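Predicted model, so just to flag it, every value in this text is computed and none were measured.
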Amino acid sequence: MITVGHILEKKNSNVFTIKRDDSVQAALEIMAREKISSLPVVDDQGQLIGIISERDYIRKAVPERKAPWDVKVNDLMTENVLTVKQSDLLQECMKIMTSNRIRHLPVMNDDSLLGILSISDVVSALRSARFIFD
Amino acid sequence: MSTVREIVNGRDRQLHSISPDTTVQAAIQIMSSELISALPVMESNKLVGIISERDYVRKIAAQKIPAWSVKINEIMTKDVITIDIDTPIEECMKLMTTNRIRHLPVMDNDELKTVISITDVVSVLRLDEN
């Protein structure tokens, strides 16, 4: 049985974050530089309060023709973040990602953010597992 | 063995595409309104590229370049990795993870049929715990 913890072990342990008062431009620049597609949003105590993705900018700000430097992370982030724990199974992550059509899940240990599990991480893990088709 | 055809058959989604001479702004407007993350770029009914949310963020937005000042052919991925409709899904997973891509145009007899996403792939998989 593959758990979130197993997958996270194989990942780079750096977790990049952003604050709600930062500009979306700053968030996009971090994503571009680090080649990631979403960023967890944390408060001054480092607690997870949201998540912002490439897609949030495109779907929420582009139709209104808002430039990324004119929008704050707070305005576009998703606040009710779905998260997983290290002990959660890969199947559970697949279900959460496909039924909610999301590609990133923050991994939590109680209140602390351990990392982000992406749908690409899930597919990489699946390649070494046995699976059947629906 | 399950193939890409199972993913394609299980859905009814219109194929959106765009021309390489159009502005990036037009591409992201379509992606935004149609809730899609990548658009195939077509010229004379031939697939000549693909443009994604990620291309836009990394090559345009993060560089503070206005999207209406750039044409799609300036930032699109030209060497598009495609997949034949009868290819096993395992091969699809391999192409996506080794190339770090989330979308694959699906070809049927050299004709673009649709674009499948990494979420579409995960949706048809179920782990076998036995």
Side-chain angles (χ1 to χ4, degrees), chain A residues 1-2 23-39 52-69 71 89-103 118-134, chain B residues 1-4 6-7 10 24-39 51-68 88-102 117-130:
Chain A
M1 300 230 272
I2 306 168
S23 72
V24 169
Q25 180 69 35
L28 297 182
E29 286 176 15
I30 296 171
M31 290 188 221
R33 190 181 67 229
E34 303 301 334
K35 296 190 161 55
I36 52 181
S37 303
S38 74
L39 273 178
I52 183 164
S53 66
E54 291 172 342
R55 181 182 283 176
D56 289 325
Y57 171 63
I58 290 179
R59 297 209 178 151
K60 299 176 190 168
V62 166
E64 297 177 19
R65 292 181 176 262
K66 283 184 185 161
W69 49 87
V71 192
L89 296 176
L90 181 58
Q91 293 93 307
E92 186 58 23
C93 301
M94 291 165 70
K95 211 161 78 184
I96 297 171
M97 286 176 164
T98 55
S99 57
N100 295 283
R101 295 203 71 87
I102 55 175
R103 299 184 296 214
S118 76
I119 196 161
S120 300
D121 298 329
V122 168
V123 174
S124 297
L126 281 168
R127 285 188 60 206
S128 53
R130 269 155 47 86
F131 52 85
I132 52 181
F133 296 96
D134 270 339
Chain B
M1 193 184 294
S2 286
T3 66
V4 171
E6 290 187 27
I7 300 175
V24 172
Q25 179 73 24
I28 55 177
Q29 293 284 1
I30 294 173
M31 288 193 242
S32 176
S33 63
E34 301 301 329
L35 308 182
I36 50 180
S37 304
L39 265 182
I51 181 167
S52 67
E53 285 175 346
R54 181 184 283 175
D55 290 324
Y56 169 67
V57 166
R58 294 192 185 166
K59 299 172 188 170
I60 301 294
Q63 318 295 328
K64 293 192 173 185
I65 299 170
W68 51 88
I89 290 176
E90 287 90 332
E91 179 63 23
C92 192
M93 294 163 72
K94 185 178 165 192
L95 278 177
M96 286 179 164
T97 54
T98 55
N99 295 288
R100 299 201 63 82
I101 54 177
R102 296 185 297 216
S117 73
I118 195 164
T119 305
D120 296 329
V121 173
V122 175
S123 301
V124 297
L125 302 177
R126 198 148 48 86
L127 268 179
D128 183 4
E129 293 287 357
N130 298 312

For Gln29(B) and Val62(A) the tightest heavy-atom approach is NE2-O, 3.9 Å
Best-contacting candidate, Met97(A), Lys35(A), Met31(A), against chain B by heavy atom pairs under 4.5 angstrom:
Lys35(A)
What part of Lys59(B) is in contact with chain A, defined as an atom under 4.5 angstrom from a non-hydrogen atom: side chain, backbone, both or neither?
neither
For chain A, find which of Met31(B), Lys64(B), Met96(B) contributes the most heavy-atom pairs closer than 4.5 angstrom.
Lys64(B)
The reported gap from CD in Gln91(A) to CG in Leu125(B) (rounded to nearest 0.5 angstrom) is 11.5 Å
Using every non-hydrogen atom in the two residues, find where Ser32(B) and Ile58(A) come nearest and quote the distance to one decimal.
OG-O, 3.2 Å
So which part of Leu35(B) gets closer than 4.5 Å to some heavy atom of chain A, the side chain, the backbone, both or neither?
both
Honestly, the part of Gln25(A) sitting under 4.5 Å from a heavy atom of chain B is side chain
Write out all pairs satisfying side-chain hydrogen bond (donor to acceptor under 3.5 Å, both in side chains) with one or both partners inside residues 57-69 of chain A, taking only residues at least two apart or from two chains.
Asp56(A)-Lys60(A), Glu64(A)-Lys66(A)
Please look at Ile36(B) and chain A and tell me whether the side chain, the backbone, both or neither of the residue comes under 4.5 angstrom of a heavy atom of that chain.
backbone
Using non-hydrogen atoms only, which part of Ser33(B) is less than 4.5 Å away from chain A: side chain, backbone, both, or neither?
neither
On a heavy-atom basis, which atom in Val123(A) and which in Val122(B) lie closest, and how many Å separate them?
CG2-CG2, 3.5 Å
Part of Arg103(A) lying under 4.5 Å from any heavy atom of chain B:
side chain
Compare every heavy atom of Arg54(B) with every heavy atom of Ser37(A), then report the nearest pair and how far apart it is.
OG-NH2, 3.7 Å
Interatomic spacing from CZ in Arg33(A) to CZ in Arg58(B) - rounded to 0.5 Å
12.5 Å
Taking atom OG of Ser120(A) and atom CZ of Arg100(B), what is their separation to the nearest 0.5 Å?
5.5 Å
For a quick test of reading the model, state the closest non-hydrogen atom pair linking Leu28(A) to Ala62(B) and the distance between them.
O-CB, 3.8 Å
Which distance, rounded to the nearest 0.5 Å, do you find between the OG of Ser52(B) and the CD of Glu54(A)?
7.5 Å
